[in-house]
Amino acid sequence: MTQQPIATLLFEIGLRFFALAATSSEQKSEISGGRISFSKGRIMAAVIEAFETTGTGLRLKDLQTVTGLSKSTLSETIDELVKNELLIRQPSRTDRRAIEILPTKKGIRSMKVTSQKLDDLWENITADIPENDRAVFHNVLMQVSQTLKCQ
């Protein structure tokens with residue numbers, strides 16, 4: 001049996017993981033139909049992290065740098081997140097010409113609930129794997145994540 005490439009395996013695990021975490025039939029349908037948007041999660045995480053660390057939002061160009069997403073993908077996805085009241089756009093306090101993207105209370109709450117659900121699900125899925133193996137796997141993922149953030 002040939003070994004599946006690690007990137008493909010991680011992507012497949014990620015999709016299955018999110019499908020298991022989906023709570024509504026609409027969410028399950030979006031995931032299985034390939035309409036789930038990892039860009040939504042990346043945008044929300046970046047905006048919330050900036051807001052929690054600096055108290056400010058992010059401009060579109062900053063989000064593009066942080067997420068690596070194109071301006072058109074960002075604009076479309078942000079429009080949807082604003083429509084769903086997870087993000088807001090507002091003029092920058094330091095530059096009136098600029099628009100900042102900020103999380104709403106609903107957006108922050110939604111990300112925290114989702115994060116907790118995913119953490120709980122991960123604990124359930126990996127409960128039969130020895131703690132040592134889980135720790136090594138976690139360490140490897142953290143190192144890969146750090147490397148990717150530096151590129």
Side-chain angles (χ1 to χ4, degrees), residues 6-127 129 134-135 137-151:
I6 191 74
T8 304
L9 185 59
L10 286 171
F11 183 75
E12 186 177 300
I13 289 169
L15 285 178
R16 289 174 192 246
F17 187 65
F18 285 115
L20 285 171
T23 54
S24 71
S25 58
E26 182 181 326
Q27 288 173 330
K28 291 178 192 300
S29 174
E30 282 189 1
I31 293 167
S32 64
R35 293 182 306 275
I36 190 67
S37 173
F38 287 109
S39 56
K40 287 178 191 173
R42 289 166 68 191
I43 292 167
M44 288 297 298
V47 170
I48 290 171
E49 181 179 347
F51 181 73
E52 289 179 343
T53 57
T54 67
T56 63
L58 289 174
R59 297 176 187 181
L60 195 61
K61 67 178 183 171
D62 299 326
L63 266 173
Q64 188 176 16
T65 301
V66 171
T67 64
L69 298 169
S70 70
K71 282 186 183 178
S72 62
T73 298
L74 278 171
S75 292
E76 289 174 22
T77 307
I78 290 169
D79 285 347
E80 189 175 339
L81 293 167
V82 168
K83 180 181 172 191
N84 291 324
E85 299 176 347
L86 300 173
L87 295 177
I88 58 170
R89 288 184 174 100
Q90 75 177 31
S92 169
R93 290 180 288 217
T94 58
D95 180 354
R96 291 186 187 172
R97 298 169 295 167
I99 300 293
E100 288 184 347
I101 312 299
L102 293 144
T104 62
K105 288 180 182 178
K106 177 181 175 182
I108 293 170
R109 192 172 47 251
S110 175
M111 282 297 285
K112 286 184 181 185
V113 167
T114 300
S115 183
Q116 186 60 55
K117 281 183 187 178
L118 293 173
D119 289 346
D120 292 347
L121 179 59
W122 181 255
E123 289 301 316
N124 269 345
I125 290 170
T126 62
I129 299 171
R134 284 190 286 167
F137 182 67
H138 183 263
N139 191 25
V140 168
L141 288 179
M142 292 300 292
Q143 289 177 44
V144 169
S145 177
Q146 261 321 106
T147 300
L148 290 173
K149 284 180 182 179
C150 293
Q151 293 185 4

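FYI, the numbering just counts along the sequence from 1. What's counted below: heavy atoms across the whole structure, side chains too, no hydrogens, waters or symmetry copies.
Not a single donor-acceptor pair under 3.5 Å links the side chain of S115 to the backbone N or O of M111.
Each salt bridge (charged side-chain N to carboxylate O under 4.0 Å, His left out) pair with one or both residues in residues 56-68, not counting sequence neighbours, would appear here, but there are none. For the salt bridge (charged side-chain N to carboxylate O under 4.0 Å, His left out) condition, the pairs that include at least one residue of residues 88-97, sequence neighbours left out, are D79-R89, D95-R97.
L81 CG to T77 OG1: the interatomic distance, rounded to the nearest 0.5 Å, is 7.0 Å. Separation of atoms CG (L74) and NZ (K71) is listed at 9.5 Å; rounding is to 0.5 Å. With rounding to the nearest 0.5 Å, the separation of OG1 in T53 from CD1 in I48 is 11.5 Å.
The two residues A46 and L58 make their nearest non-hydrogen contact at O-CD1, 3.6 Å. Summarising the geometry of E100 relative to G57, their closest heavy-atom pair is OE1-N, 3.4 Å, with the distance given to 0.1 Å.
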(request) List the steps, then state whether side-chain contact (heavy atoms from CB on, under 4.5 Å) holds for T56 with T94. (result) CA-CA 10 Å; T56 63; T94 58; over 6 Å; no

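Using a 4.5 Å cut-off on side-chain heavy atoms (C-beta onward), I78 and L60 make contact. Here the side chains of V113 and K117 are in contact, with some heavy-atom distance below 4.5 Å. Side-chain contact between L69 and L63 is absent, with no heavy atoms from C-beta onward closer than 4.5 Å.
Evaluation of the side-chain hydrogen bond (donor to acceptor under 3.5 Å, both in side chains) rule for N124 yields no partner, not counting sequence neighbours. In this view, T126 and W122, I129, R134 satisfy the side chain to side chain contact (heavy atoms under 4.5 Å, CB included) rule, not counting sequence neighbours. For S70, the side-chain hydrogen bond (donor to acceptor under 3.5 Å, both in side chains) test picks out S72, T73, with sequence neighbours left out. Q116 pairs by the side-chain hydrogen bond (donor to acceptor under 3.5 Å, both in side chains) definition with D120, not counting sequence neighbours. For E52, there are no side-chain hydrogen bond (donor to acceptor under 3.5 Å, both in side chains) partners two or more places apart in sequence or in a different chain.
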Compile the donor-acceptor pairs under 3.5 Å between side chains in residues 101-109 and protein atoms, sequence neighbours left out, one pair per line.
residue	atom	partner	partner atom	Å
T104	OG1	E85	O	2.6
T104	OG1	L86	O	3.2
T104	OG1	K106	N	3.4
T104	OG1	G107	N	2.9
K106	NZ	N84	O	3.1

